[in-house]
> 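Got a structure here, written out as structure tokens. Questions coming.
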Amino acid sequence: MHIKKTYAMAAAALMAALSVVLLLIGVYIPVNTLFFTAMAAYLAGYTINKYGIKYGGAQLVVCALLDMFFIPDKLNWIVYLCLSGYIFFSEVIFQRWNRVRDRKKKMRVQLVCNGILFNMIYIPVLMFGRQLLFTGEMPAGSIVLWLAGQVGWIIYDKGYRVFIQTVGERTGG
């Protein structure tokens, strides 16, 4: 019993270290910043799926604190918090609150919940953090950014599901 807990804690710590390394790589290779940030957030989801919500949450907190100190660009830190927070709460909804028995219905309910969760994170970022992301005024403004965010969310969420399924098949988890 204690060996499994110790193993899970050590694995979460290794995933946290790998997340920090991916975020640092993203800072120093600016072309792939968003890719590395998304991969770092995916690792939190992997930890949740493999070892449980408690260890995934601990990894998220540890990564957030380490990144706050080590990542020189704080915008990347905010993006990481948003992406990993989305994955964390998405998994909490899927594992704890979504009690639908039928697999297809469960995934549809999850998709709706994820859309609501994403917009709960994205709309405040659009409203209050727009000047951090974009300089100048856009002609269609917030509607274009909101629609672009929805497309990005669909790609990000689908990529996460494929990542978890592929890694789960390969690691037996």
Side-chain angles (χ1 to χ4, degrees), residues 8-98 110-135 142 144-164 167:
M9 191 179 308
L14 286 173
M15 289 297 139
L18 185 57
S19 291
V20 172
V21 168
L22 286 171
L23 287 165
L24 284 170
I25 290 171
V27 168
Y28 295 112
I29 304 174
V31 175
N32 293 325
T33 298
L34 193 58
F35 170 77
F36 287 117
T37 304
M39 284 306 298
Y42 283 2
L43 292 177
Y46 171 75
T47 303
I48 293 169
N49 280 299
K50 185 82 172 173
Y51 304 108
I53 292 172
K54 181 172 67 171
Y55 294 106
Q59 177 186 341
L60 177 65
V61 169
V62 166
C63 284
L65 291 174
L66 286 173
D67 295 339
M68 185 172 62
F69 294 115
F70 291 127
I71 303 298
D73 186 5
K74 297 308 175 204
L75 182 61
N76 290 345
W77 179 67
I78 293 169
V79 170
Y80 172 74
L81 281 179
C82 290
L83 294 176
S84 59
Y86 166 77
I87 286 179
F88 177 77
F89 288 115
S90 171
E91 289 297 332
V92 167
I93 290 169
F94 189 75
Q95 292 181 14
R96 297 263 169 99
W97 296 337
N98 192 348
Q110 186 65 30
L111 183 64
V112 170
C113 290
N114 286 355
I116 292 168
L117 176 63
F118 170 76
N119 283 302
M120 286 174 59
I121 295 170
Y122 185 62
I123 290 174
V125 168
L126 265 183
M127 291 172 56
F128 303 116
R130 189 171 173 184
Q131 63 274 11
L132 291 173
L133 302 174
F134 303 100
T135 57
S142 297
V144 172
L145 289 176
W146 183 78
L147 288 172
Q150 301 308 304
V151 171
W153 164 67
I154 291 169
I155 293 169
Y156 180 73
D157 195 63
K158 182 64 177 171
Y160 172 68
R161 298 292 161 207
V162 169
F163 172 80
I164 289 299
V167 170

> Can you tell me if Asp157 uses its side chain to pair, donor with acceptor, with the backbone of Trp153 under 3.5 Å?
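Absent.
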> What's the separation between atom CD1 in Ile121 and atom SG in Cys82, rounded to the nearest 0.5 Å?
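Taking CD1 in Ile121 and SG in Cys82, the distance rounds to 6.0 Å.
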> Just how far is it from atom CD1 of Ile25 to atom CG of Asn32, taken to the nearest 0.5 Å?
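Ile25 atom CD1 to Asn32 atom CG measures 10.0 Å (nearest 0.5 Å).
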> Roughly how far, to the nearest 0.5 Å, is the CD1 atom of Ile71 from the OG1 atom of Thr37?
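Thr37 OG1 to Ile71 CD1: 8.0 Å, rounded to 0.5 Å.
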> Say you draw a straight line from NZ of Lys50 to OH of Tyr55; how long is it, rounded to the nearest 0.5 Å?
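Answer for the NZ-OH pair, Lys50 versus Tyr55, is 14.0 Å.
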> Give a yes or no on this: more than 12 heavy atoms of other residues, nucleotides or ligands lie within 6.0 Å of atom CZ of Phe89.
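12 or below, so no.
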> Any non-hydrogen side-chain atom of Thr33 less than 4.5 Å from a side-chain atom of Asn76?
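Yes, close enough: below the 4.5 Å cut-off.
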> Taking Thr47 for the side chain and Gly56 for the main chain, is one N or O donor matched with an acceptor at less than 3.5 Å?
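Checked: no pair found.
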> Determine whether more than 12 heavy atoms belonging to other residues, nucleotides or ligands lie under 6.0 Å from atom CE of Met68.
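For Met68, atom CE is crowded (more than 12 foreign heavy atoms under 6.0 Å).
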> Quick test of your reading of the model: are Arg161 and Glu91 salt-bridged, counting only N-O distances below 4.0 Å?
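Glu91 and Arg161: salt-bridged.
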> Which pair of non-hydrogen atoms, one from Phe70 and one from Leu24, has the smallest distance, and what is that distance?
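Nearest pair, atom of Phe70 first, then Leu24: O-CD2, 3.7 Å.
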> Should Trp146 and Asn119 be marked as a side chain to side chain donor-acceptor pair (under 3.5 Å) after you check the CA-CA gap, both sets of side-chain angles, and the distance that decides it?
CA-CA 9 Å; Trp146 183 78; Asn119 283 302; 3.1 Å; yes
> Can you find a pair of side-chain heavy atoms, one from Tyr122 and one from Gln150, that are under 4.5 Å apart?
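Side chain of Tyr122 against side chain of Gln150, heavy atoms only: contact under 4.5 Å found.
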> When you compare the side chain of Leu14 with that of Leu18, does any pair of heavy atoms fall below 4.5 Å?
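They are not in contact (no side-chain heavy atoms under 4.5 Å apart), so the answer is no.
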> Are the side chains of Ser90 and Gln110 in contact, using a 4.5 Å heavy-atom criterion?
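Sidechains of Ser90 and Gln110: in contact.
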> Are any of the side-chain heavy atoms of Tyr51 and Gln59 separated by less than 4.5 Å?
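Tyr51 does not reach Gln59 side chain to side chain.
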> With Tyr156, which of Phe118, Phe35, Tyr42 fulfils ring pair (Phe, Tyr, Trp, His ring centres under 6.0 Å)?
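Filter result, single survivor: Tyr42.
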> Looking at side-chain heavy atoms only, is the closest gap between Gln95 and Ile48 below 4.5 Å?
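Gln95 reaches Ile48 side chain to side chain.
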> About how many Å separate OH of Tyr86 and OH of Tyr160, when rounded to the nearest 0.5 Å?
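If we round to the nearest 0.5 Å, Tyr160:OH and Tyr86:OH are 9.5 Å apart.
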> Identify the two heavy atoms, one from Ala41 and one from Ile87, that lie closest to each other, and give their separation to 0.1 Å.
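The answer is O-CD1, 3.6 Å.
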> So which heavy atom on Val27 is nearest to which on Pro72, and how close?
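Looks like CG1-CG, 3.8 Å.
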> Going from CG on Leu22 to OH on Tyr80, what distance comes out if it is rounded to the nearest 0.5 angstrom?
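These two atoms lie 9.5 Å from each other.
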> Could you pull out the closest heavy-atom pair between Cys63 and Ser19, with the gap in Å?
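For Cys63 and Ser19, the tightest heavy-atom pair comes out as SG-CB, 3.6 Å.
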> Would you say the side chain of Trp77 lies within less than 4.5 Å of the side chain of Leu23, judging by non-hydrogen atoms?
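No - every pair of side-chain heavy atoms lies 4.5 Å or more apart.
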